[in-house]
Amino acid sequence: MNRKITKLERIKSKALRIAMTAFLADPSLGSRQAKSLFSEIVTHLQAGMDDEQIVQTVLQNNSTTSPTGKLSLR
């Protein structure tokens, strides 16, 4: 019995590849909630974004550029 692969299954499969690309580009994403990252990627895929655009957007949205402490010269 053959079963047809659904559009959502294709998107989820593609989301996994995109997530791996994003994790390789920024390993600090591993400290984030995986479920929210995958949800973000799936949402972008459903909106029709290109894979590279999605990776860049995910990296921007989840960057760790915020300071972890304060430095003072006083």
Side-chain angles (χ1 to χ4, degrees):
M1 183 165 131
N2 292 336
R3 145 178 120 70
K4 211 172 191 181
I5 297 173
T6 66
K7 183 177 180 180
L8 184 59
E9 288 172 330
R10 288 177 201 256
I11 287 175
K12 286 181 178 180
S13 173
K14 199 171 186 180
L16 182 58
R17 287 191 306 267
I18 292 170
M20 291 303 296
T21 303
F23 285 129
L24 289 173
D26 183 4
S28 71
L29 289 175
S31 65
R32 304 283 192 259
Q33 286 287 330
K35 187 174 183 175
S36 64
L37 284 173
F38 281 108
S39 294
E40 180 180 352
I41 292 169
V42 168
T43 300
H44 293 312
L45 281 169
Q46 289 173 331
M49 287 178 73
D50 182 64
D51 293 5
E52 185 59 32
Q53 289 175 322
I54 295 170
V55 170
Q56 293 304 317
T57 302
V58 167
L59 292 176
Q60 279 181 331
N61 291 345
N62 296 287
S63 69
T64 56
T65 57
S66 61
T68 55
K70 287 188 174 184
L71 292 176
S72 176
L73 296 176
R74 294 185 200 190

Original post:
So, the side chain of Ser39 versus the backbone of Lys35: is there a donor-acceptor pair under 3.5 Å, distance only?
Top reply: yes
Subject >> Interatomic distance, Leu16 atom CG to Ile11 atom CD1 [nearest 0.5 angstrom] >> reply: 14.0 Å
**OP:** Go through the steps for Glu52 and Gln56 under the test side chain to side chain donor-acceptor pair (under 3.5 Å), then give the verdict.
**Re:** CA-CA 6 Å; Glu52 185 59 32; Gln56 293 304 317; 2.9 Å; yes
**OP:** Could you tell me the separation between the NZ atom of Lys4 and the CD atom of Glu9, rounded to the nearest 0.5 Å?
**Re:** 12.0 Å
Subject >> Flag side-chain contact, heavy atom, 4.5 Å: Ile18 against Leu45 >> reply: yes
**OP:** For Leu59 and Ala25, work out which heavy atoms get closest and say how close.
**Re:** CD1-CB, 3.9 Å
Original post:
Between Ala22 and Val55, what is the shortest heavy-atom contact and its length?
Top reply: CA-CG1, 4.2 Å
Subject >> Chi angles and distances behind the side chain to side chain contact (heavy atoms under 4.5 Å, CB included) call for Arg32, Glu40 >> reply: CA-CA 12 Å; Arg32 304 283 192 259; Glu40 180 180 352; over 6 Å; no
Original post:
Taking atom CG of Leu29 and atom CG of Leu37, what is their separation to the nearest 0.5 Å?
Top reply: 6.0 Å
Original post:
From Met49 CE over to Ile41 CD1, what is the distance, rounded to the nearest 0.5 angstrom?
Top reply: 10.5 Å
**OP:** Report the residues that fulfil side chain to side chain contact (heavy atoms under 4.5 Å, CB included) with Met20, sequence neighbours left out, ordered by chain and then residue number.
**Re:** none
Subject >> Arg17 side chain near Ser13 side chain, heavy-atom distance below 4.5 Å >> reply: yes
Original post:
What is the distance from atom CZ of Phe38 to atom OG1 of Thr43, rounded to the nearest 0.5 Å?
Top reply: 13.0 Å
